[in-house]
Visitor: 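There's a structure below that I have some questions on.
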Protein chains: 2
Amino acid sequence: MTQKTSNYITKLRNSKLRPTKQRIKICEALFDRSETFHFTIRDLYNLLTNNLVHKISLATVYNTVHAFKNSGYLKQINIDSNNNYFDTNTSHHHHFFDETNNELIDLKNEDIKKIELKKIIPGKKIKSVEVLVKIEPE
Amino acid sequence: MTQKTSNYITKLRNSKLRPTKQRIKICEALFDRSETFHFTIRDLYNLLTNNLVHKISLATVYNTVHAFKNSGYLKQINIDSNNNYFDTNTSHHHHFFDETNNELIDLKNEDIKKIELKKIIPGKKIKSVEVLVKIEPE
DNA sequence: ACCTAATTTATAATCATTCTAAACTGTAAG
DNA sequence: CTTACAGTTTAGAATGATTATAAATTAGGT
């Protein structure tokens with residue numbers, strides 16, 4: 001077994017999932033990359049079923065992606081109600097979004113000046129601060 | 001005809017919509033308010049059909065809200081894929097979102113220190129910068 | 001190799017949203 | 001004031017994403 005595969009098995013076990021053939025294939029599609037990967041469930045499903053002999057059902061893709069999201073191995077990005085994206089970059093960061101081609105680009109936390117709020121909500125604490133920068137051709 | 005009603009008719013005409021009974025009712029529900037109103041289409045539909053004798057169809061609510069969004073009289077707020085909100089506050093501002101009760105709170109642009117990006121995308125210009133602050137009980 | 005609980009899968013169900021086409025209405029011309 | 005017609009409303013159908021179901025299959029321990 002390769003180092004990569006045993007790494008996937010660890011991720012799966014940490015997500016309370018047994019390492020099955022289908023889930024390993026999903027891990028390969030998601031994590032065997034040099035760049036971060038922004039995708040919709042449909043993107044991932046198409047990628048998996050176009051390239052592989054053994055089909056993986058849509059339900060399994062949904063279940064596995066959501067388990068990884070819940071265990072912190074994937075981040076969900078909220079752009080708008082039409083596009084539900086996930087991100088393999090789980091560090092604290094933000095995004096550019098180009099609506100002309102639905103392209104997402106990471107904006108590293110250090111590439112944005114610290115966000116300072118002058119307003120607080122009594123009885124509430126801040127859970128997260130997300131910035132979305134929409135861009136368009138010049 | 002009241003001042004308010006003629007204001008609604010102006011909004012409708014500017015949105016390329018004829019002022020019909022249904023659309024005036026929708027305007028009253030949306031714009032006859034002292035505070036900004038955050039709502040989903042379903043919220044608005046329930047509000048309209050619970051309180052009024054004459055029913056308004058869901059399709060008309062969708063059509064009218066989207067026309068107002070396109071003409072700039074409403075702003076769409078992207079929280080997550082489950083909740084598609086609209087906002088009667090069309091000024092440049094941001095939001096707090098409390099997931100425990102799905103409550104949205106405005107964060108005025110002057111209540112946040114100017115956001116400065118150290119990264120640019122060649123060939124692209126910035127269209128909008130949206131900040132979403134998720135909060136939770138302390 | 002067996003047992004059992006977890007998993008996969010096709011399919012159905014659900015939910016938000018959009019589409020459709022027939023009935024209705026606002027508007028402007030006569 | 002009436003008419004004509006394009007715009008509007010509406011119920012219901014269609015769509016598309018997501019979730020649920022339940023029967024067949026599989027993983028992991030004994």
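Throughout, a chain's letter reflects where its sequence line sits, starting with A, and its residues are numbered from 1.
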Visitor: As a test of reading the structure: which of D:dT18, C:dA5, D:dA20 is closest to the side chain of A:Arg18, going by heavy atoms?
Guide: C:dA5
Visitor: Whether A:Gln22 contacts D:dT26 is assessed here as follows: a side-chain N or O lying under 4.0 Å from the phosphate OP1 or OP2. Is that the case?
Guide: no
Visitor: When the distance from CD1 of A:Ile24 to C1' of D:dA27 is rounded to whole Å, what number comes out?
Guide: 12 Å
Visitor: Using a cut-off of strictly less than 4.0 Å, decide whether B:Lys21 has a side-chain nitrogen or oxygen near OP1 or OP2 of D:dT9.
Guide: no
Visitor: Can you tell which of D:dT19, C:dT17, C:dG26 lies closest to the side chain of B:Leu58?
Guide: C:dT17
Visitor: Check whether any side-chain N or O of A:Thr20 sits under 4.0 Å from OP1 or OP2 of C:dT8, and answer yes or no.
Guide: yes
Visitor: Looking at the side chain of A:Tyr62, which of D:dT18, C:dT8, C:dC19 is the nearest nucleotide?
Guide: D:dT18
Visitor: Dump the intermediate steps for ring-ring contact (aromatic ring centres under 6.0 Å, His included) on A:Phe97 and A:His38, then the final yes or no.
Guide: CA-CA 11 Å; A:Phe97 184 64; A:His38 299 119; 9.8 Å; no
Visitor: Quick one: B:Leu17 CG to D:dA6 P, roughly how many Å, whole number?
Guide: 19 Å
Visitor: When you get a sec, tell me which of D:dT18, C:dT8, D:dT19 is the closest nucleotide to the side chain of A:His66?
Guide: D:dT19
Visitor: Please determine, by modelled atom types, if A:Asp111 and A:His93 share a side-chain donor-acceptor pair under 3.5 angstrom.
Guide: no
Visitor: B:Ser57 has a side chain; which of C:dT9, D:dA27, D:dT9 sits nearest to it?
Guide: D:dT9
Visitor: Within this structure, what is the CG-to-P distance between A:Leu12 and D:dA27, rounded to whole angstrom?
Guide: 13 Å
Visitor: So with a 6.0 Å cut-off around NZ of A:Lys119, is the heavy-atom count from everything else above 12?
Guide: yes
Visitor: When the distance from CG of A:Asn84 to P of C:dA16 is rounded to whole Å, what number comes out?
Guide: 15 Å
Visitor: So B:His92 and B:His94, would you call those rings parallel, tilted or perpendicular, with 30° and 60° as cut-offs?
Guide: perpendicular
Visitor: Please work out whether the ring planes of B:Tyr8 and B:Phe31 are parallel, tilted or perpendicular, with thresholds of 30° and 60°.
Guide: tilted
Visitor: Just checking, any donor-acceptor pair under 3.5 angstrom between side chains of A:Asp80 and B:Asn78?
Guide: no
Visitor: From the set D:dA17, C:dT17, C:dT8, return the single nucleotide nearest to any side-chain atom of A:Thr60.
Guide: C:dT8
Visitor: Among D:dT8, C:dA5, D:dA17, find the nucleotide with the atom closest to the side chain of A:Arg42.
Guide: D:dA17
Visitor: In whole Å, what is the span from the CG atom of A:Asn78 to the C1' atom of D:dT18?
Guide: 15 Å
Visitor: B:Asn82 has an atom CG; how far is it from atom P of C:dC15, in whole Å?
Guide: 13 Å
Visitor: Quick check against the 3.5 Å criterion: does B:Arg23 have a side-chain atom that pairs as donor or acceptor with the backbone of B:Leu12?
Guide: no
Visitor: Does B:Ala59 or B:Arg13 map to a spot on DNA chain C nearer the 5' end, using the closest nucleotide for each?
Guide: B:Ala59
Visitor: Write down the distance between CG (B:Asn83) and P (D:dA17), rounded to a whole number of angstrom.
Guide: 19 Å
Visitor: If a pair satisfies salt bridge (Lys or Arg N to Asp or Glu O under 4.0 Å) and one of its residues is in residues 27-50 of chain A, list it, with sequence neighbours excluded.
Guide: A:Lys4-A:Asp32
Visitor: Nearest to the side chain of A:Arg23 - C:dT9, C:dT18, C:dT7?
Guide: C:dT7
Visitor: What's the OH-P distance between B:Tyr85 and C:dA16, to the nearest Å?
Guide: 12 Å
Visitor: For the helix from C:dA1-D:dT30 to C:dG30-D:dC1, what angle lies between the axis at the first five pairs and the axis at the last five pairs, to 10 degrees?
Guide: 30°
